[in-house]
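Here's the structure, in structure tokens; my notes come after.
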Amino acid sequence: QVQLVESGGGLVQAGGSLRLSCAASGRTFSTRIMGWFRQVPGKEREFVAGITWIGGSTSYADSVKGRFTISRDNVKNTMYLQMNSLKSDDTAVYYCSSKRTIRIAISPNEYEYWGQGTQVTVSS
């Protein structure tokens with residue numbers, strides 16, 4: 001089992017920045033991919049960004065390219081999402097996730113472990 005705990009959400013004005021963190025514990029040695037997803041009420045959970053745990057290759061949704069940066073610290077077993085130039089459309093609950101297979105996937109169904117989520121609210 002892998003436990004994931006997000007932090008860093010909050011309220012920010014449009015154009016501002018936030019950094020989310022996701023601390024992983026448990027059987028983290030089997031982790032190959034970690035990702036960030038977000039969800040608003042009434043909509044499906046959507047892919048935001050993903051990173052390979054070894055190597056640090058990244059992938060982003062088109063809606064966040066150039067504004068968000070995903071990174072990881074293998075020593076601290078922590079993943080980050082730096083969010084800049086935030087827009088009201090970025091308002092959502094943000095979830096971190098992980099999986100043991102090697103491909104970054106955009107479908108949430110392919111991820112095995114999930115955090116509890118952290119709310120990000122961008123005011124216009």
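Residues meeting the salt bridge (charged side-chain N to carboxylate O under 4.0 Å, His left out) test with Arg103, sequence neighbours left out: Glu110. In this structure, Tyr94 has no ring pair (Phe, Tyr, Trp, His ring centres under 6.0 Å) partners at least two apart in sequence or on a different chain. Partners of Asn84 according to the side chain to side chain donor-acceptor pair (under 3.5 Å) rule, which considers only residues two or more places apart in sequence or in another chain, are Ser17, Gln82. Every side chain to side chain contact (heavy atoms under 4.5 Å, CB included) that Ser97 has, sequence neighbours left out, goes to Phe37, Tyr111, Trp114. Qualifying side chain to side chain contact (heavy atoms under 4.5 Å, CB included) partners for Ser71, counting only residues two or more places apart in sequence or in other chains: Tyr80.
Atom OG of Ser98 and atom CD1 of Ile51 lie 13.0 Å apart (nearest 0.5 Å).
Residue pairs meeting the side-chain hydrogen bond (donor to acceptor under 3.5 Å, both in side chains) criterion with at least one partner in residues 49-62, sequence neighbours excluded, are Asp62-Lys65.
Scanning both residues, Val12 and Leu86, for their nearest heavy atoms gives CG1-CD1, 3.5 Å. What you find for Arg100 and Ser30 is that their closest heavy atoms are CG-O, 3.3 Å.
Under a hydrophobic-cluster definition in which Ile, Leu, Val, Met, Phe, Trp and Tyr are linked whenever side-chain heavy atoms come within less than 4.5 Å, directly or via other members, Tyr113 and Val48 are assigned to the same cluster. A chain of hydrophobic side-chain contacts below 4.5 Å, direct or via other Ile, Leu, Val, Met, Phe, Trp or Tyr residues, connects Trp36 to Met83.
With a 6.0 Å radius and a threshold of 12 heavy atoms from other residues, nucleotides or ligands, Ile106 has its CD1 atom at or below the threshold.
Using a cutoff of 4.0 Å between basic side-chain nitrogens and carboxylate oxygens, Glu46 and Arg38 are scored as salt-bridged.
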